[in-house]
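Scroll down for the structure; my scribbles are underneath it.
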Amino acid sequence: MALEQYFEPRRYEPEIYRTWEESGAFRADAGSAKPAFTISMPPPNATGTLHLGHAVMLAIEDLMARWRRMAGDEVLWLPGTDHAAIATESVVIRRLQEEGMADPRGELGREELVRRIAEFVASSRDRIRQQIRAMGSSCDWSRERYTMDPQLHRAVDAVFGRMFRDGLIYRGPRIVNWDPYLQTTVSDDEIDTQERPARFYTLRYGPFLVGTSRPETKLGDTAVAVHPGDERWREQVGKTYEVAWPKGPTITVKVVADEQVDPETGTGALGVTPAHSQVDFEIARRHNLPLVQVIGEDGRMTAAAGPHYAGMTVEECRAAFARELDAAGLLAKVEDYVQPTPICYRSKQPIEPLPKEQWFVNVNEPAVPWKGRKQSLRHVLHDVVASGEIVILPQHEEKKYFHWIDNLRDWCISRQIWWGHRVPVWYRGREDLYVGHHPPEGEGWTQDPDTLDTWFSSALWTWSTLLDPELAADGPLGGDRGGKYRHRELDEILAGSRDFQRFHPTSVMETGYDILFFWVARMILATTYATGQVPFRTVYLHGMILDRDGDKMSKTKPETSIDPLDTIEENGADTMRLALVIGNGPGKDLKLTPERVVGCKRLINKIWNAAKLVDRTVGGRARAALTMSAFTVAHPVNRWMLHKQRELVERVDARLAEYHFGDAAEIVRGSFWGDFCDFYLEAIKIPELAESDETAAVVFAVFTTYLKLFHPFLPFVTEKLWQELVGEGMLIRAAWPVAEPAHDYATDAEGVDAVVRLIAAVRGVRVEQGLEPGAKVDVEVHAKAHPEILEASQAIVARQVQADTLTVIRGGEAARQGAAVAV
RNA sequence: GGGGGGUUAGCUCAGUGGUUAGAGCACCUGCCUUACACGCAGGGGGCCGCGGGUUCAAAUCCCUCACCCCCCACCA
């Protein structure tokens with residue numbers, strides 16, 4: 001066998017991946033007796049393209065999967081894709097519009113549009129699957145899931161139904177975050193705040209002055225609120241005023257006293273706009289105030305704003321109304337200020353708070369059976385992390401998590417889009433409401449038109465993917481059809497699902513810290529509720545991949561942007577993976593640069609070249625002759641190498657166990673390059689060692705152990721070399737190295753460390769004295785300890801430092817003159 | 001406004017009480033030494049953000065300040 005000059009990723013990687021996959025190495029065996037190690041892959045958008053966020057996620061998860069698999073666990077890494085409701089629907093609608101269809105929803109209707117979206121997903125889903133493979137991901141494709149799979153749909157409806165019955169899901173009018181552009185509500189977590197230059201207006205408002213940045217909403221005011229203890233307005237509370245807006249309606253406002261008003265803020269009087277402000281809505285509810293909606297779902301003023309303003313956009317009305325107020329002398333003051341404006345994270349368009357009937361998850365209702373008591377979802381969310389049942393890494397993310405819970409409000413889960421899990425509720429007339437997976441029997445039922453927040457179904461991901469598809473199908477257990485919902489149905493499915501029993505809770509949830517709230521928290525919420533289990537034991541949050549300036553990679557900055565697919569194509573998946581992992585740690589952002597990528601590529605080349613030398617050293621010896629147990633390793637240099645590697649294995653294991661994967665890779669790299677390549681492989685070039693069977697066995701054992709240690713980080717090149725050098729079995733299935741107690745050669749290690757120092761010292765002296773590279777020297781060394789090892793290493797030293805003679809002076813003091821060195 | 005993180009070699013970062021503070025990349029010098037120039041050898045380079053405190057001992061613990069980054073937010 002002769003290895004090629006270079007490792008050529010493009011040539012080898014796809015073939016190696018195919019071999020792994022076809023061999024069944026990725027497939028988890030639910031029937032094995034090994035301990036389970038489970039990772040649910042965060043499902044990428046089914047219609048998406050691999051980006052660096054996916055790449056770092058896959059690199060880290062795959063290294064965990066490979067490490068634990070080699071270490072003897074039954075590994076299930078379950079892959080899948082997400083239907084990404086809003087994102088996918090808007091992509092398809094935009095494509096249809098580009099093809100000339102003005103109003104796809106109107107023209108196609110619900111059924112046909114959903115069919116087209118499903119078709120689009122089906123046709124594009126294979127791309128992301130292949131890209132996940134290109135990263136070398138050792139996930140179990142036989143268990144691939146999709147968030148719209150039938151059994152996942154069943155789980156969604158089951159959880160919705162159970163929550164509804166437990167009073168945790170309710171429908172009600174609330175101020176919701178309405179995106180007039182996407183024509184749907186979004187949850188609080190789907191909003192970004194953008195600071196925009198704006199004006200702050202102070203209006204005369206009967207006897208009050210009130211401030212607002214949105215005067216147009218004042219057309220719909222129904223009250224003025226003051227603090228109950230505010231002496232200034234004591235007389236006014238309870239009175240009613242009429243305010244005649246110029247060119248607008250005359251509104252009736254009641255003066256109410258409410259604790260929520262801060263007398264120190266602004267004028268201390270708050271104009272209450274119940275329909276267009278969260279705070280005002282709550283105040284209005286407490287005081288039974290009417291609600292007047294002056295802004296519609298189209299983002300334009302309604303008839304309630306009066307004929308002059310109706311039909312104007314919000315911005316037009318703001319300008320027009322401010323002009324009229326000014327003309328009428330009602331505008332006391334206008335100031336410039338910076339307004340935090342809510343923006344939909346998806347459409348990047350302003351959010352309009354509007355009153356709507358929506359479905360919500362109640363996070364405060366104590367209805368969750370938890371540790372023997374009824375608790376609120378919010379309580380359980382807090383408890384599982386505070387108690388350590390779930391550990392979040394890096395640890396400071398736990399503080400953010402608690403802070404989020406402290407500010408958590410009810411979760412709006414209904415969306416006015418068509419692509420997604422439809423709300424499993426049917427109505428008949430005004431009174432009848434039915435919740436279930438199937439429509440109820442009888443005539444006249446219509447299903448709720450809304451779909452569920454995509455995160456509602458993702459929240460079930462760790463376990464809905466493990467349900468037995470047969471059990472969860474609409475077959476033998478379809479008991480809710482037309483009648484009573486069987487409340488234990490979900491429990492029965494869970495109990496009967498072998499994978500769920502075997503692989504849940506999952507071991508590690510690995511994802512970006514940017515979706516801690518969106519997804520991780522929701523999984524904890526829904527999974528503790530639905531299954532009584534935590535979804536995962538450890539949350540590993542990786543950081544963001546940034547460009548050299550610390551900005552997010554963006555197509556608008558192509559000069560600093562790095563594309564994972566291009567990088568894989570050019571340098572191979574091993575390089576891409578290592579560049580994302582080495583030296584990186586939980587929660588740490590990583591600046592990815594071409595230099596970093598090149599540096600990683602060099603390690604792969606180094607490993608490849610070392611393999612060539614190892615192969616030559618091992619020569620034609622039969623593998624049986626390379627079995628370590630056949631030798632009592634005698635030479636100090638061989639012992640040194642075994643000792644160093646034993647220490648390395650211990651340190652790597654410790655780093656991996658602490659989730660310091662980047663450190664682990666760094667340590668293996670340093671040991672391999674420094675100890676193995678720079679010293680050991682050079683040292684054994686002396687004939688005495690090069691020709692010995694002992695050396696052949698040691699170098700073979702040590703190198704193959706390095707292949708194992710590198711394998712989780714660099715699966716392709718290590719597997720290729722395993723095939724070439726070992727030729728038996730596959731590295732992916734090999735056993736993880738253990739620190740061999742018999743390889744504790746502390747004395748030899750100390751002695752050879754002195755040899756290493758001696759070589760460096762003599763080289764230093766050579767340079768100091770300006771010797772020609774080829775010039776021979778005579779070396780005299782004073783050995784403080786282990787002179788016999790120095791003597792045994794004479795040939796090695798001589799070769800490394802171009803020495804003619806090496807004289808070891810026993811017990812010498814630290815004398816140093818000429819080429820004499822003390823070690 | 002609330003919360004979190006950071007400030008160590010030119011760059012990216014390790015290092016969390018104890019000998020002359022480390023790595024990779026970059027840089028300088030010399031080498032194509034038959035595994036590797038995607039390499040080898042040698043080397044330069046750091047008041048460890050500022051100030052104070054605790055300690056026999058601090059990059060490392062505590063406090064003040066400065067600057068940078070991120071997240072959350074219903075000051076009307």
Side-chain angles (χ1 to χ4, degrees), chain A residues 3 5-7 175 188-189 191-193 200-202 210-214 217-218 221 224-225 260-262 264-273 277-283 337 339-340 342 353 394-404 406-409 513-514 516-517 543-544 546 548 550-551 571 575 582-585 587-596 598-617 660 662-663 666-667 669-670 673-674 677-678 681-682 685 759-760 763-768 770-774 799-802:
Chain A
L3 289 166
Q5 191 175 1
Y6 294 105
F7 177 67
I175 298 299
D188 294 340
D189 290 292
I191 291 174
D192 290 329
T193 307
F200 191 77
Y201 305 83
T202 304
V210 301
T212 181
S213 59
R214 301 197 57 188
T217 64
K218 299 289 107 182
D221 275 15
V224 171
Q260 202 165 354
V261 179
D262 176 5
E264 304 296 319
T265 298
T267 61
L270 168 66
V272 180
T273 317
S277 154
Q278 188 72 43
V279 185
D280 296 9
F281 180 83
E282 282 161 21
I283 292 173
Y337 98 126
Q339 182 186 22
Q395 232 206 324
H396 69 80
E397 291 288 339
E398 289 189 355
K399 293 181 202 163
K400 289 192 193 171
Y401 175 82
F402 291 135
H403 188 249
W404 177 79
D406 290 342
N407 296 303
L408 187 60
R409 294 183 296 162
Y513 64 65
D514 55 334
L516 175 62
F517 309 140
M544 302 298 106
L546 307 172
R548 71 164 72 256
D551 296 326
N571 306 290
T575 296
I582 195 162
N584 196 6
K588 301 218 62 132
D589 290 348
L590 179 81
K591 290 183 187 173
L592 185 67
T593 59
E595 298 84 72
R596 189 180 170 87
V598 167
C600 292
K601 193 179 178 185
R602 286 182 184 157
L603 174 62
I604 291 157
N605 185 250
K606 187 74 178 173
I607 296 171
W608 186 260
N609 281 297
K612 289 194 280 188
L613 182 56
V614 169
D615 187 42
R616 174 191 294 194
T617 307
H660 292 156
D663 277 3
E666 191 89 62
I667 289 169
R669 180 193 162 285
W673 206 305
C677 292
D678 289 346
L681 285 182
E682 293 302 325
K685 281 178 179 172
I759 291 168
R763 281 170 173 163
V765 171
R766 289 184 62 107
V767 171
E768 263 175 41
L771 296 186
E772 290 296 313
R799 187 173 189 282
Q800 297 297 308
V801 303
Q802 310 270 17

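Lettering follows sequence order; numbering is per chain, from 1.
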For [N], the Watson-Crick or wobble partner whose two distances fall under 3.5 Å:
| N | result |
| --- | --- |
| B:C67 | B:G6 |
| B:G42 | B:C28 |
| B:C47 | none |
| B:U33 | none |
| B:A23 | B:U12 |

Examine distances only and state if a side-chain atom of [X] and a backbone atom of [Y] form a donor-acceptor pair shorter than 3.5 Å.
| X | Y | result |
| --- | --- | --- |
| A:R596 | A:K591 | no |
| A:D615 | A:A611 | no |
| A:D589 | A:M544 | yes |

Which part of the nucleic acid does [X] contact within heavy-atom distance under 4.0 Å: base, sugar-phosphate only, or nothing?
| X | result |
| --- | --- |
| A:H396 | sugar-phosphate |
| A:S277 | nothing |
| A:V261 | base |
| A:R214 | nothing |
| A:F7 | nothing |
| A:G599 | nothing |

Pick the [atom1] atom in [N] and in [M], then give their distance to the nearest Å.
| N | M | atom1 | answer |
| --- | --- | --- | --- |
| B:G6 | B:U19 | C1' | 30 Å |
| B:C50 | B:U7 | C1' | 11 Å |
| B:U64 | B:C25 | C1' | 37 Å |
| B:G1 | B:U55 | P | 37 Å |
| B:A66 | B:C47 | P | 24 Å |
| B:C56 | B:G10 | C1' | 37 Å |
| B:A14 | B:A21 | C1' | 11 Å |
| B:G4 | B:C63 | P | 13 Å |

To the nearest Å, give me how far apart [atom1] ([X]) and [atom2] ([N]) are.
| X | N | atom1 | atom2 | result |
| --- | --- | --- | --- | --- |
| A:D615 | B:U34 | CG | C1' | 15 Å |
| A:L592 | B:C25 | CG | P | 16 Å |
| A:K588 | B:G4 | NZ | P | 17 Å |
| A:N407 | B:G1 | CG | C1' | 12 Å |
| A:L613 | B:C36 | CG | P | 9 Å |
| A:D280 | B:A76 | CG | C1' | 7 Å |
| A:K601 | B:G39 | NZ | P | 11 Å |
| A:N609 | B:C32 | CG | C1' | 14 Å |

OP1 or OP2 of [N] sitting under 4.0 Å from any side-chain N/O of [X]?
| X | N | answer |
| --- | --- | --- |
| A:R602 | B:G39 | yes |
| A:K399 | B:G5 | yes |
| A:Y6 | B:G39 | no |
| A:K606 | B:C36 | no |
| A:K685 | B:A35 | yes |

Please round to the nearest 0.5 Å and tell me the distance separating atom [atom1] of [X] and atom [atom2] of [Y].
| X | Y | atom1 | atom2 | result |
| --- | --- | --- | --- | --- |
| A:F517 | A:H403 | CZ | NE2 | 9.0 Å |
| A:N609 | A:I604 | CG | CD1 | 12.5 Å |
| A:D189 | A:R409 | CG | CZ | 10.0 Å |

* Check the pair A:R763, A:Q800 against side-chain hydrogen bond (donor to acceptor under 3.5 Å, both in side chains), reporting the backbone distance first and the verdict last. => CA-CA 9 Å; A:R763 281 170 173 163; A:Q800 297 297 308; 2.9 Å; yes
Candidate nucleotides [options], ranked by approach to the side chain of [X] - the nearest:
| X | options | result |
| --- | --- | --- |
| A:F200 | B:A26, B:A76, B:C72 | B:A76 |
| A:K591 | B:C74, B:C72, B:U12 | B:U12 |
| A:Q260 | B:G39, B:A76, B:C74 | B:C74 |
| A:W673 | B:C74, B:C40, B:G24 | B:C40 |
| A:D678 | B:A14, B:C40, B:G3 | B:C40 |
| A:F517 | B:C38, B:C25, B:C71 | B:C71 |
| A:E682 | B:C25, B:A35, B:A73 | B:A35 |

* By centroid distance (under 5.5 Å) and plane angle (under 30°), are A:W608 and B:C36 in a stacked arrangement? -> no
* With A:T273 as reference, evaluate A:I283, A:D280, A:V279 under the side-chain contact (heavy atoms from CB on, under 4.5 Å) test and give the passing residue. => A:D280
* Six-ring centre of A:Y201, A:K218 cation under 6.0 angstrom, axis tolerance 45° -> no
* Let me know, please, whether A:G583 or A:K400 comes out on the 5' side of the other along RNA chain B by nearest nucleotide. => A:K400
